[in-house]
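Residue numbering restarts at 1 for every chain, and letters A, B, ... go by the order of the sequence lines.
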There are 2 protein chains.
Amino acid sequence: MPRPTIADVARRAGVSKSTVSRVLSGNVEYMRPDTKARVEQAIAELGYRPSHLARSLTSKRTYTAALLVSDVGNPFYPEVIHGVEDVALSHGYDIYLCNTNYDVSRGLNSIRSLIDRQVDGILIMSSSMTDEWLEELVQHSIPTVVLDWVLTNPPPTVGIIGVDYRPGIQAAVEHLLALGHRRFAHVSGPLHLPTALARRDAFLHALAAHGINPSQVAIIEGNFRVDGGRAAMDELLSLPQMPTAVFTGNDMMAMGLVRASRARGLQVPRDISVVGLDDIWLVADMEPPLTTVALPRYEIGQMAMRMLLDLLKRPPASPYQQVETRLVCRQSTAAPPAA
Amino acid sequence: MPRPTIADVARRAGVSKSTVSRVLSGNVEYMRPDTKARVEQAIAELGYRPSHLARSLTSKRTYTAALLVSDVGNPFYPEVIHGVEDVALSHGYDIYLCNTNYDVSRGLNSIRSLIDRQVDGILIMSSSMTDEWLEELVQHSIPTVVLDWVLTNPPPTVGIIGVDYRPGIQAAVEHLLALGHRRFAHVSGPLHLPTALARRDAFLHALAAHGINPSQVAIIEGNFRVDGGRAAMDELLSLPQMPTAVFTGNDMMAMGLVRASRARGLQVPRDISVVGLDDIWLVADMEPPLTTVALPRYEIGQMAMRMLLDLLKRPPASPYQQVETRLVCRQSTAAPPAA
DNA sequence: CTGTTTTCTACAACCGGTTTCAGAAACCGG
DNA sequence: CCGGTTTCTGAAACCGGTTGTAGAAAACAG
């Protein structure tokens with residue numbers, strides 16, 4: 001037998017569809033208690049549950065949101081996803097998850113599909129996005145929240161979660177300086193990404209504030225992945241003068257770098273100090289445990305979803321919120337070699 | 001301006017809704033070419049895209065499926081998710097992702113919500129499920145595919161992806177025996193899970209086939225997590241006689257075990273050999289790289305989604321498919337200490 | 001016991017599509 | 001030029017809900 005519909009309930013309770021609809025939506029101000037009771041009983045007896053679909057058709061609300069990430073396999077995401085999901089769940093929302101696989105056009109396809117499905121809003125946490133995505137979404141006036149993206153003049157339906165890299169990175173720099181380091185390198189993410197630039201610049205500024213000229217800092221462009229960190233190690237070794245401390249744009253590259261350095265006979269932190277960024281769970285018990293700039297990822301997820309819900313209520317908003325970073329000191333940093 | 005509807009297109013093309021609907025669904029056998037052209041032009045001019053929602057209401061198909069996992073953070077899942085997603089995408093499906101967080105009732109809530117949203121089917125890949133979930137789904141005759149779950153007499157709407165642990169585990173056992181090991185231990189998953197039992201039994205059977213009595217094998221019940229592996233190491237040390245080779249129910253526990261052993265002053269593989277299961281990407285460059293029984297996870301994802309699509313077409317099926325495991329030899333296994 | 005007001009419920013239209021069916025238009029042979 | 005096919009298109013009902021409105025029933029005043 002197919003699911004009972006609202007008409008079945010109405011028939012059984014001897015009332016009209018509208019009456020059933022009213023008790024469902026709690027709109028019972030002018031309803032006789034016994035009528036309400038009859039309807040409720042019919043609902044219970046039939047095990048009736050309203051169809052989300054039909055409801056959405058009139059209400060224009062699907063109670064559905066989408067989360068676009070580059071790749072669920074990236075350890076950065078799980079906690080973010082949990083944060084998003086927990087808030088979503090508690091507001092009756094379900095989440096479409098889409099991996100862009102770092103592919104801009106795949107992402108755009110997903111977005112189109114999601115628009116056709118009338119999702120109420122979209123969370124974009126894929127670094128490999130383009131402004132074209134936003135245009136598409138703005139055009140259809142779909143509320144959107146973007147993580148760590150730079151937007152001059154954001155449209156009213158777009159919210160932004162910013163990351164303030166300064167406090168964490170500044171603390172890292174001061175920590176390294178205090179240990180005695182003077183020669184630094186940075187392994188960045190792909191420099192066409194705003195987030196990679198922000199991290200690099202926060203690092204350089206913090207150094208400059210302490211009298212270290214950015215031009216003395218070796219910058220190696222990486223790819224945010226483990227193998228990028230590995231490759232970077234080789235570049236470091238080919239430098240005329242090895243830096244004694246390296247800050248990597250994320251933890252994955254730090255992992256690759258530490259491994260590659262071990263393979264090259266260098267020991268972390270004795271021969272070289274390494275600081276990562278993200279504080280993914282893996283690095284807490286790496287060999288050695290990684291010193292890193294932590295991002296509150298669960299919080300980011302929650303915040304993003306909450307912002308989206310806000311955007312859904314009172315659209316002309318375009319909010320901006322920031323999360324802070326902080327330094328987590330572990331054992332991949334030490335005084336530079338005497339040399 | 002709101003999205004154009006089919007009525008807008010019809011008006012603009014000077015035809016009826018039905019005609020537009022027909023060109024949309026490609027049902028143009030009896031249509032004059034110029035009519036079709038007019039409609040297509042109107043569609044293009046308005047940038048019309050049909051509403052998935054309205055369509056689903058009549059067609060009873062939402063082109064939506066759900067994937068239930070225990071925790072996206074578990075490195076087992078990403079590749080599975082990719083497999084599922086790739087097949088889904090290429091068939092016009094979008095995927096709801098739900099984390100159960102190892103919580104049976106949270107999972108059940110998700111399932112209820114998904115049923116109300118009329119998903120076409122559900123993939124269950126959360127080990128912490130119960131048969132109650134299936135009952136709910138079967139009752140609503142929602143096609144379901146379950147990974148590695150034991151079901152006597154599966155209902156026709158349920159498909160199962162089985163894992164044949166034997167080939168991989170057998171190879172692992174033979175590998176260890178060839179190295180000279182005779183004293184074995186197994187760190188299992190929670191033994192109320194069918195999958196944990198299957199892994200344990202495959203191990204014991206393989207040993208038995210080579211003359212090692214299961215009763216001589218130390219079995220420690222773990223939890224499939226890193227800390228479970230850590231705890232298991234302590235139990236191993238308290239044994240009257242240390243085994244020389246340990247097979248863990250998954251890689252996470254192997255990681256914990258290796259780390260704990262290092263902390264206890266033991267070296268892998270010199271003092272003890274360790275074999276994991278899953279071949280998650282992390283273990284390829286652990287210290288030492290882990291020997292492990294590999295599961296074709298991307299394939300599992302693809303296979304599961306394909307099975308679901310099949311189930312959607314010709315329901316009275318209840319298929320069963322198996323994937324094979326195989327041994328990946330790395331450096332966490334060696335000859336036992338001379339002692 | 002009426003007339004008015006208040007309380008309650010049903011009817012009907014609508015959301016944006018699909019599908020059945022009937023009838024109009026074009027084509028054809030005689 | 002007429003009747004019978006064949007080809008094409010539109011009207012209407014439906015999917016499963018929500019909502020505005022009209023009008024019946026109950027309550028109340030006179």
Could you check if a side-chain atom of [X] sits within less than 4.5 angstrom of a side-chain atom of [Y], using non-hydrogen atoms only?
| X | Y | answer |
| --- | --- | --- |
| B:Arg3 | A:Ile115 | yes |
| B:Ile81 | B:Met125 | no |
| B:Leu123 | B:Val146 | no |
| A:Leu312 | A:Tyr93 | yes |

Distance check needed: [N] [atom2] versus [X] [atom1], whole Å only.
| X | N | atom1 | atom2 | result |
| --- | --- | --- | --- | --- |
| A:Arg38 | C:dT9 | CZ | C1' | 11 Å |
| B:Glu29 | D:dC8 | CD | C1' | 12 Å |
| A:Met31 | C:dC8 | CE | P | 9 Å |
| B:Arg49 | C:dG16 | CZ | P | 16 Å |
| B:Arg11 | D:dT9 | CZ | P | 19 Å |
| A:Asp116 | C:dG17 | CG | C1' | 13 Å |
| B:Asp34 | D:dT7 | CG | P | 17 Å |

**OP:** Ignoring backbone atoms, establish whether B:Ser16 has a side-chain N or O less than 4.0 Å from OP1 or OP2 of D:dG10.
**Re:** yes

Original post:
Is B:Tyr30 near enough to C:dA26 that one of its side-chain N or O atoms lies under 4.0 angstrom from OP1 or OP2?
Top reply: no

Subject >> Contiguous pairing runs of three or more, Watson-Crick or G-U under 3.5 Å, that involve DNA chain C >> reply: C:1-30 with D:1-30

**OP:** Would you indicate which nucleotide in C:dA10, C:dG17, C:dC8 comes nearest to any side-chain atom of B:Arg55?
**Re:** C:dG17

What are the atom names and distances for every N/O pair under 3.5 Å that joins the protein to nucleotides 13-15 of chain C?
unit_1	atom_1	unit_2	atom_2	d
C:dC15	O3'	A:Lys60	NZ	2.9

Closest non-hydrogen atom pair between [X] and [Y], with its separation:
| X | Y | answer |
| --- | --- | --- |
| A:Ala42 | A:Ala13 | CB-CB, 3.9 Å |
| B:Thr100 | B:Ser70 | OG1-CA, 3.3 Å |
| A:Gly107 | A:Leu68 | O-CD2, 4.1 Å |
| A:His52 | B:Gln118 | N-OE1, 4.5 Å |
| B:Arg117 | B:Tyr96 | CD-OH, 3.7 Å |

Original post:
Starting at the 5' end of DNA chain C and moving along, which residue's nearest nucleotide shows up first, B:Leu53 or B:Asn27?
Top reply: B:Leu53

**OP:** Determine whether more than 12 heavy atoms belonging to other residues, nucleotides or ligands lie under 6.0 Å from atom OH of B:Tyr298.
**Re:** yes

Pick out the pairs of N or O atoms, protein on one side and nucleotides 20-27 of chain D on the other, that lie under 3.5 Å.
unit_1	atom_1	unit_2	atom_2	d
D:dG20	O6	A:Arg22	NH2	2.6

Original post:
Nearest 0.5 Å, what's the CD-CZ distance between B:Gln41 and B:Arg12?
Top reply: 8.0 Å

**OP:** May I ask you to say what B:Val20 touches in the nucleic acid, namely base, sugar-phosphate or nothing, with a heavy-atom cut-off under 4.0 Å?
**Re:** nothing

Original post:
With respect to A:Leu97, which candidate in B:Leu67, B:Asn99, B:Leu97 satisfies the side-chain contact (heavy atoms from CB on, under 4.5 Å) definition?
Top reply: B:Leu97

Original post:
Taking for each residue the nucleotide of DNA chain D with the nearest heavy atom, is it B:Thr35 or B:Gln118 whose nucleotide lies nearer the 5' end?
Top reply: B:Thr35

